[in-house]
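In this text, all values refer to a predicted model and were calculated from it rather than measured experimentally. In each ligand, atom 1 is the first atom listed, and ligand 1 is the first ligand listed.
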Amino acid sequence: MKSKQTNISIFYKGEISKQHVIFVHGFPYDHHMWDSTIDALSDNYYCVTYDIRGLGESDPGDGQYTVEKFTDDLFSIMDEMNLKHPVLIGLSMGGYISLRAIERFESKFKALVLLDTKSEADNNQAKLKRAQGINIINQKGLRSFLEEFIPSCFAEESIKNLGKEYQEVFERSLKYNPLGVKGCLLAMAGRTDTTDYLSKINNPVLVICGEKDTLTPPAVMEEMHRKIKNSSFVLIPGSGHMTPIEQPERVIEEIKKFLMNL
Ligand code: MLT
């Protein structure tokens, strides 16, 4: 369905009477990233996800985004879908949004799952990489950018093992409006740092990281876990940055265990 307030595409599965869970995807992907996770959880949980502004089926609008606006969108969707104390699950860019949402209004949520993400804002080197990404899209087109970026999100072994599924992920991203992709790069470059809030989080938190994640590596995520009082850390062997796609069974098992103990 299309959100009336934000014009964002929202997807849901499961019964509204069950515990609510909301999933926020990473960049440059869309809600399909959660397909197998939601399929596995929707018998016992009301699962809601959506395509972040500019990606997937959501309208790119004017391409002028901020992570703050993405966080407003998350709260609007929660209101519109009548979500009560959902568990918030975010991967990478979805994790940046989730951490900011927790910082803004933690009591709205029951718990948090952070996958392959970090609390630090972009440093100068990362900002320059975003600028270079925008230049590549402008000069050579979206395909060139994706050909460089998407392989860096997956472990080499996973690309081989996923085969056709990896190609489908790539082809889906290729259909996005370049304006939306550039808008997300700018939003991420301008996001705030949420590290100071980590030690203030009271909600239970599960931190999941792919063993071979080079974008948000295990050492960075373990450090984040150490700063969050009520958190546990799980390393997913053999996986890169895209844990729910690369090792769905392991990720589902860990999320199920976490949700059952809430
Ligand atoms: C993501 O997976 O959302 C991105 O890799 C995040 C980023 O580029 O910082």
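- Checking side-chain atoms of Ser58 against main-chain N and O of Ser9 turns up a donor-acceptor pair under 3.5 Å.
- Applying the salt bridge (Lys or Arg N to Asp or Glu O under 4.0 Å) criterion to Lys69, with sequence neighbours excluded, gives no partner residue.
- Of the possible polar contacts, one joining the Asp116 side chain to the Gly210 backbone as a donor-acceptor pair under 3.5 Å is found.
- Annotation: salt bridge (Lys or Arg N to Asp or Glu O under 4.0 Å) contacts of Asp122 (sequence neighbours excluded): Arg130, Arg191.
- A donor-acceptor pair is defined here as one N or O able to donate and one able to accept, closer than 3.5 Å; no such pair exists between the side chain of Gln5 and the backbone of Glu80.
- Remark: Ser92 pairs with His241 by the side chain to side chain donor-acceptor pair (under 3.5 Å) rule, at least two apart or across chains.
- Listed by chain and residue number, the protein contacts of ligand 1 are Gly26, Phe27, Ser92, Met93, Tyr96, Arg130, Phe149, Met188, Leu215, His241 (heavy atom within 4.0 angstrom).
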